[in-house]
Structures are given as C-alpha cells and as structure tokens.
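Since the structure comes first, as structure tokens, the remarks are kept for the end.
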Amino acid sequence: MNAVHEFARFKAEGRKISLVTAYDAWSARIVARSNVDAILVGDSAAMVIHGHPTTLAATVGLMAMHTRAVARAAGGKFVIADLPFLSFRKGIPAAMRAVGALVTSGAHAVKLEGVDGHEDVIRHIIGSGIPVMGHLGLTPQSVNRFGGFRVQGRAARDAATLLGQAHALEGLGCFSIVLECVPADLAARITAELSIPTIGIGAGCGTDGQVLVLQDLCGLDTSMSPRYVRRYCDGERLLTDALNQYDADVKQATFPGPEESYS
Ligand code: KIV
C-alpha cells in the first residue's frame, strides 16, 4: 500500500483509515496480518516500551532502532516513523540526518509535531521526496508547555489557531495530519475543510481515520487510561492468566509433558 495515494483516495471515497502503533517486529508481524491500513512507529515508544513519563526521551537512534525492527516484519504495510523531540528543530541539515536515519531504517514517511517555526524544514523534507504526516492538538513533545496531557483547542482562539495550522500543513504539502485530543466538533470542521486526510486520536469520529497505541487497544498497558481509548481485549489479564498457568504447571511438574520433550 502507498499511503500517500491511498489515503487521499480513501478520503475522497469516504472510507475510514485505521492506523496503529508498533515498536517491534513481533507486534508489527501481528499488525501485518490484520486489516489495519498502516503502522506508526510512534515516539510513544519512549513511554510504552522504555517506561519514561513523556515522549521527550526518544532519540533519533532509538526511533531508528524501533523503525528497523518494525520494517522487517511489516509485510506490505505503510510505515510512518516519528521524528523525535527537537530532531527537526536544529536546522535543515540536522533534520535531514534524522529523516535519513528513519527512512534508511525502513520508514516510508515521517511524522512531526507542530508547524510554527519549522515550515522550511517540512518543505525541505517533502521537497526531498519524503512524505510528511503532520501532528496537531495535544502534541506530546510540548507537554511541558501545555502543563500536562490536556485537550487542546477548546477556547475559540485556540480552535482558530489549530484550524490555521492545519491549513498551513496542507499548504506545505503534508499528506495527512494527526489530530490528537481536540474537541470532536473542531476535528470534524478541520477534516471538512482540508483536502488531505485527518487521523484522530481523542478527536471524535468526524476525522478521516483513527490511530491508537497497540498496547492501549489490546489492554496490554493499563498504567494510563485516557478517555479516548477503547480496549478491544484484556491483554494484561490474558497474559497474566497464561503466566500463572505456566507457573502452576512448572511447579506441579506437568510442564513439560511428553509432547514437549525429546525422546
Ligand atoms: O507517538 C505516538 O504514538 C503518536 C500517536 C499517539 C499519534 O504520535
């Protein structure tokens, strides 16, 4: 799948787009067998996989490592990788080194947060032939400026700013925009005004698609429970039950049995 063309077609046809995060080959292989449209190697890896409280700890090296693992197992899925904190704010040469590291690791596109102050960088990346996904609203790399993980765009002035930023990203040539934690009516308005697809997370169902963190939707990480997450299975319970059954079998010497042993 080429998301740049397909995403545009899906929007034109009114077909919703599904994205999910993956950070490793094991989970990418599972996503590859699913109907989900594309994979995001999110810098949320810093939190979900490495246990940091925010995404600020993600580095280009870390994102490249996760992107390589995902790309090896992603099958034909389109892989988008996050440009981590500050990697695109140190001038065009540094930004292009970061982009190069992600693309040579197997990303088909990169995602970056915000627009103000890095318009030239976005233009340069796209001009170099690399598709860029924008990210507006609650951009987690700005969590300290926001004073926490808070819904963005509730006040009329903030909503107008977000709308303007979305138009700016479209004008710069982004192929899609993630809208994170913005009121549903604002996300629907942005979606209606843009010709490029919007992908929501905590932005209601009026966007062109949705993205969730795999561990959230599978109930594999219950340490945070944002309102916007829907759990499709109780992964933590399934794994805990399996581990406890394994522990009991080991302690009762019923594992391994003859079928799991060599003669
Ligand atoms: O890092 C991430 O997982 C993301 C999504 C939640 C949009 O940016």
Side-chain angles (χ1 to χ4, degrees), residues 3 7 16-24 27-28 31 36-60 62-67 69-70 74 77-88 98 102 105 107-115 131-143 146 148-153 162 165-166 169 174-182 187 190-191 196-204 207-218 220-221 223-231:
F7 278 24
K16 296 277 189 185
I17 302 162
S18 59
L19 270 83
V20 69
T21 62
Y23 313 114
D24 55 55
S27 54
V31 180
V36 168
D37 292 311
I39 299 177
L40 172 67
V41 187
D43 59 356
S44 50
M47 300 171 74
V48 179
I49 302 298
H50 299 279
H52 292 286
T54 69
T55 59
L56 304 190
T59 61
V60 174
L62 181 123
M63 293 308 299
M65 180 192 69
H66 286 296
T67 303
V70 167
K77 299 286 184 199
F78 195 80
V79 176
I80 303 151
D82 259 339
L83 280 166
F85 181 55
L86 295 187
S87 62
F88 50 95
L102 299 184
S105 296
H108 301 110
V110 295
K111 174 166 81 59
L112 56 76
E113 297 185 5
V115 58
V132 172
M133 175 179 258
H135 187 162
L136 297 175
L138 169 49
T139 44
Q141 292 170 16
S142 303
V143 63
F146 296 145
F149 295 100
R150 297 170 194 280
V151 174
Q152 300 296 309
L162 273 178
Q165 289 174 331
L169 285 174
C174 288
F175 76 98
S176 177
I177 302 176
V178 167
L179 298 175
E180 179 162 354
C181 289
V182 299
I190 294 173
T191 302
I196 55 171
T198 57
I199 306 295
I201 176 164
T207 52
D208 296 304
Q210 300 291 331
V211 59
L212 278 179
V213 168
L214 178 100
Q215 282 77 358
D216 289 343
L217 84 86
C218 292
L220 287 165
D221 182 1
S223 60
M224 293 217 295
S225 292
R227 175 194 168 109
Y228 58 74
V229 169
R230 184 177 292 177
R231 287 207 182 113

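First listed ligand is number 1; within each ligand, the first listed atom is number 1. Just so you know, these numbers come straight off a predicted model, no measurement behind them. This chain uses plain numbering: 1 for the first residue, then up along the sequence.
With a 4.5 Å cut-off on side-chain heavy atoms, Met47 and Thr55 count as touching. Here the side chains of Gln152 and Leu136 are not in contact, with every heavy-atom distance at 4.5 Å or above. Side-chain contact between Tyr228 and Cys181 is present, with at least one heavy-atom pair separated by less than 4.5 Å. Looking at Ile196 and Phe7, their side chains never come closer than 4.5 Å, going by heavy atoms from C-beta outward.
Residue Lys111 approaches ligand 1 through these ligand atoms, each under 4.0 Å from one of its heavy atoms: 4 (C), 8 (O). In the vicinity of Asp43, heavy-atom distances shorter than 4.0 Å reach the ligand 1 atoms 1 (O). Below 4.0 Å from some heavy atom of Gly42 lie the following atoms of ligand 1, by number and element: 1 (O), 2 (C), 3 (O).
Closest to atom 5 (C) of ligand 1, if we only count protein heavy atoms, is Leu40 CD2, 3.6 Å. If you check which protein heavy atom lies closest to atom 6 (C) of ligand 1, you get Ile201 CD1, 3.6 Å. When only non-hydrogen protein atoms are considered, atom 2 (C) of ligand 1 lies nearest to Ser44 OG, 3.2 Å.
Here the side chain of Lys77 pairs a donor or acceptor atom with the backbone of Val36 at under 3.5 angstrom.
At a 4.0 Å cut-off, not a single heavy atom of Glu113 sits close enough to ligand 1 to count as contact.
Contacts of Thr21 with ligand 1, taken as heavy-atom pairs under 4.0 Å, involve the side chain alone. Counting heavy atoms under 4.0 Å from ligand 1, residue Asp82 touches it through the side chain alone. Contacts between Thr55 and ligand 1, counted as non-hydrogen atom pairs separated by less than 4.0 Å, are absent for every part of the residue.
Ring geometry, His66 versus Tyr23: the interplanar angle exceeds 60°, so the pair is classed perpendicular (tilted spans 30 to 60°).
Here the options are Ile201, Thr198, Val178, the test is side chain to side chain contact (heavy atoms under 4.5 Å, CB included), and the partner is Thr207; only Thr198 passes.
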